[in-house]
Structures are given as structure tokens and as C-alpha cells.
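Comments concern the structure below.
In listed order, ligands and their atoms are each counted from 1.
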Amino acid sequence: MTYKLKSLNEECGLFGVWGHPEAARLTYFGLHALQHRGQEGAGIISNDKGKLKGHRNLGLLSEVFKDEKDLEKLSGSAAIGHVRYATAGSASIDNVQPFLFNFYDGQFGLCHNGNLTNTRTLKKDLESKGAIFHSNSDTEILMHLIRRGFSSELMDNVKAALNTVKGGFAYLLMTENKIIAALDPNGFRPLSIGKLANGAYVIASETCALDVVGATFVQDVLPGQVVVIDDDGVQVDTYTNDVDLKICSMEFIYFARPDSNIYGVNIHTARKNMGRILAQENLDIQADIVVGVPNSSLSAASGFAEASGLPYEMGLVKNQYVQRTFIQPTQELREQGVRMKLSGVRSVVAGKRVVMVDDSIVRGTTSKRIVTLLKEAGAAEVHVVIASPPLAYPCFYGIDIQTRKELIAANHSVDEINEIIGSDSLHFLSIDGLKEAIGLGNQICTSYFDGVYPTPLYDYTHDYNLGLKEKVSFY
Ligand code: AMP
């Protein structure tokens, strides 16, 4: 039997606070700073003296909470919240988090960023034992595992459950008297703890969300850690010592906000380094100006311009009111999305040999369209430089790239891609250059570029090999 696994719980943003009178409002602000991590749905669960209440819906955070009363009713001094990333065909309120579970002996709120690799096996096993799932996301699995634990101590059951799920996960779990946060043994996703002036603790997917609520950074949650935040403060424990940090390189390349820091590395600085190293690796490009693709490539473009000595110009302008194109379900809509989003600035690029810097090429839609835009605006030549290596392998830990079919670099050489997107030359950053730019050595996951996965792929091994001629290697 063949089957297609498509996870529904990818790249998301998490925020939690314990010990603040306006906890839900603070969570709203925190999630607002994390909106780039997911635009499909959002939700908040608050905790008012042990009573958990929630509100969630499809759409941007501001749409979900457009009626002020929805936020006001989330009273209490603790809250967790979630923004969810969109993938085709998954737009169902059932999958919008946080999930609120009502048991005879208590309530739990749960949200998740990442993607499990043994979902199918665990779901099958749990369903055979009577479990019923309400969503088709993999997040509910953790709750079932915890409830089926053998210990009378919640934390023992949480730790056992965390050792059973595999893949990429950052969890926030709220009970009536605490928030529990946990990170997978490879730390694929970022998660940071901060402290507010009133002594309350906050936890967020990215440090930009700590900044926005005025929290000072305390620490990153480390791989294999389980953290309890309650009236006594923060207690950091571990559920496994079998850890190996492999933070997702796509967080640095594209996903995280430039003002966030992950393991002490500022995202803007890492991207600027990527651009600088890319320039050093391609000194022979003959051009007049450097143009970055707004917004995600501006840091890399500034690094490229600085290192190449070429002037940085605003040759492309972005309409700030159009959402990301990547999330559109069809190719036609994606192309329309790029057209609405970007315009070439004729008086800047006309007659010029342009170096166009972008952060990545996934399907090639964006680059192709932008090369055309720049040429239509009169550019004499367009040399495309990409501040990441060719993306040729899928991700199973939480980035929405799970099929090789759509990845242009999985199916074409650099010369062929150059031809397809219509550029005069095309250059990618090397994997070593990427590692140097981020500066965390081998502690980053580069599987999209080299097909080397830090963990076994469990349920995906079969699915993955079906469409894969090349070898898959594991650490
Ligand atoms: P494409 O047009 O399919 O080649 O997509 C490339 C563009 O999508 C790049 O300009 C990136 O800024 C953006 N991008 C890269 N990775 C992702 C991702 N995982 N989710 C959403 N957008 C992405």
C-alpha cells in the first residue's frame, strides 16, 4: 500500500505568559510580532484562576480578534497563543490552535510548532486503543500520550510522551497551575524565555516577540529541555540527554524576523553575512547595482553590496498589503500573487546590469517573475544571486516543503534553472558559506540542501523513498 503523508502542523508561532494581569492582551501583542510565522489561523487560551478559556479562528490575528470582546473575555493572569502556517487544503478551524481539552479532572491547553515524523504510527496505535482525534494535525497526539501515561505525576507522563513523539516540536502546554514548554532533542525550532519588569515570565518562538512586550531575554530553551513556568518562576528540567542541536537553517535564511536572535545569532546579521560570503564566492559577476527582493532578502542584499563594492539600489518596491505568495495553493494564484506584490522601479534599473539578491528559490515562481519584472523595467542584464544553497530536499521537521516534485533544484541543474527563470547568470551560496554566515558550526540542519537528515524519518521513510532516486542519508 502506498500512502501520502502531509502534515498539517507546520511552521507556526508560539507565545505564552504566566503572571501578568493582562495575559491574553500581552499574548496578542506577542503573536502579532510572530504573525510572519503563520497567517492561516490564530488563537489564545487564557487561564483565570485555574479556569481555561479560549478563542481561535481562521485568518490573521487581527481578524480573529476583530471583536474586542473576544480578547476581553479571555481574562486571567496566564495565557498561551498560536499563529498557524497555511498549507493547501488544510484550512479548517479544527486545526487552529491552541487546542483546549476538557477532561473530567481538569483542562489542558496545547499548541505546537514543528512536525512529527512518527504521526501515522502513533495515531494508528492510539486509535486502535480507542483514541479519537478531532483534527488532522499531529498536535493532539501528545495530549493522548500524556493522558495514557502510567504515572500519577503529570510531569512523568509529559516526559514519557515527549520521548515517544519524534521529529520537530516546540510545545506549549497549559494546565490550571502551570505552563509547560518543551523542545525536541535536535532543537529544530527556536523557543526563548523572557522576563517582564513585574517578574512575570514569557516564552516565545522568537525573541522579537519578547521585545515587543518589553521582556528581557533570559535563555533559549535547549534541545531535550522541558520547562515549567508557574507561580514559583521557571524550572528547567530535561526529558532526554540524547540531544544534538540542529536548528533549522531555514529559520536563519527566510523564516525568522531580522530583529530576532536564535542561540545568540542575530538573524539580520546572519543574512548579511550570507550576502557578504555570496559576493566573495562570486567575485566575477560584472554588474552596476545590487537590488534586494523586499523584504526577506534586504539583509543579504546589503551584505552583498557591501562586500562587492556595488551600490545598493531600491530597484524593486513591495506592496506591503499583499500576503506571502508561497502560501497560495495553486501555481496560477502564486504567480498572480507575485505580480501584485512587487514592482520594478524603471528609473533605477533601466539600462543597468542588475544583481538581484533573493534568499531562496523553492519552486522558482518568484525569481522568474522578478527577472521578468526587472527586464520589463529596462534592466540590461539580471544576475540572480541566492543567499542559500539550492533547495533540493524536503523538510520533515516543520517547514512546508515535503515533496521533491515541486522543488526546482531537485529536478534541474543550476544552468537549467538559470534558463527557466530567464536570468543572465545564477549563483547560489555554498553550504560551507551558509554555515560560516550563521556561525553555529554543525549545529544547524542543512537537510534541504544536502539530503542528510539528523534523525531517522520514521513514517516518512517509505513516502520519501517513493519519489526519490538518490540516496537518503542519516547521521
Ligand atoms: P518560489 O517562488 O516557490 O521559488 O519561492 C521562493 C520564495 O519563497 C523566496 O523568495 C522566499 O522568500 C520564500 N520562501 C522560501 N521558503 C519558504 C517557506 N518555507 N515558506 C514560505 N515562503 C518561503
Side-chain angles (χ1 to χ4, degrees), residues 7 9-13 34-40 83-88 90 113-115 168 188-189 248-258 267 271 274-275 291-301 316 318 322-342 356-374 384-412 414 416-418 420-423 426 428-429 434 445-449:
S7 84
N9 193 36
E10 287 120 355
E11 275 293 340
C12 300
L34 298 174
Q35 186 80 79
H36 61 286
R37 298 184 69 86
Q39 298 101 41
E40 190 200 51
V83 285
R84 185 169 181 279
Y85 188 81
T87 54
S90 65
N113 173 204
N115 184 56
F188 289 117
R189 302 284 142 232
C248 170
S249 54
M250 235 20 214
E251 293 280 354
F252 292 94
I253 294 165
Y254 170 77
F255 230 87
R257 236 171 70 158
I267 301 297
R271 287 180 189 161
M274 290 170 207
V291 170
V293 181
N295 290 329
S296 53
S297 310
L298 299 184
S299 303
L316 289 165
K318 183 179 176 181
V322 179
Q323 282 185 47
R324 290 182 173 189
T325 50
F326 193 91
I327 63 174
Q328 299 293 350
T330 68
Q331 186 67 12
E332 202 187 332
L333 281 175
R334 275 193 290 273
E335 280 173 20
Q336 175 62 31
V338 178
R339 269 195 294 278
M340 285 168 66
K341 200 162 81 170
L342 291 167
M356 188 270 265
V357 186
D358 203 356
D359 59 272
S360 57
I361 291 184
V362 182
R363 303 176 182 92
T365 320
T366 310
S367 301
K368 187 174 178 191
R369 182 63 205 151
I370 295 171
V371 170
T372 312
L373 270 180
L374 289 170
V384 175
V385 297
I386 302 295
S388 61
L391 226 157
Y393 297 89
C395 171
F396 301 100
Y397 310 120
I399 292 272
D400 176 30
I401 300 171
Q402 287 184 3
T403 156
R404 295 195 88 213
K405 273 206 303 283
E406 290 184 355
L407 299 175
I408 195 167
N411 303 296
H412 296 281
V414 174
E416 286 168 353
I417 302 172
N418 185 40
I420 294 167
I421 66 175
S423 41
L426 172 65
F428 288 89
L429 182 64
L434 176 71
C445 178
T446 51
S447 54
Y448 328 92
F449 314 118

Pairs of nitrogen or oxygen atoms closer than 3.5 Å, one from [X] and one from ligand 1: do any exist?
X	result
S367	no
M250	no
V362	yes

Testing the basics here: between [X] and [Y], what is the closest heavy-atom pair and its distance to 0.1 Å?
X	Y	value
I386	S360	CG2-CA, 3.6 Å
I361	L391	O-CB, 3.7 Å
P390	F449	O-CD2, 3.4 Å
L434	P389	CD2-CD, 4.0 Å

Quick check on contacts: which atoms of ligand 1 are under 4.0 angstrom from a heavy atom of [X]?
X	answer
S296	12 (O)
I361	4 (O)
Y85	20 (N), 21 (C)
D359	9 (C), 10 (O), 11 (C), 12 (O)
G364	1 (P), 3 (O), 4 (O)

Among D358, N295, I421, T366, whose heavy atom sits nearest atom 2 (O) of ligand 1?
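Shortest heavy-atom distance from atom 2 (O) of ligand 1: T366.
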
Please say which of Y254, F252, F255 ends up in a side-chain contact (heavy atoms from CB on, under 4.5 Å) with D359.
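Passing option: Y254.
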
Applying side chain to side chain contact (heavy atoms under 4.5 Å, CB included), run through K318 and L342 and close with a yes or a no.
CA-CA 5 Å; K318 183 179 176 181; L342 291 167; 3.9 Å; yes

V293 and M356: CA distance, side-chain angles, deciding distance, side chain to side chain contact (heavy atoms under 4.5 Å, CB included) verdict
CA-CA 7 Å; V293 181; M356 188 270 265; 3.5 Å; yes

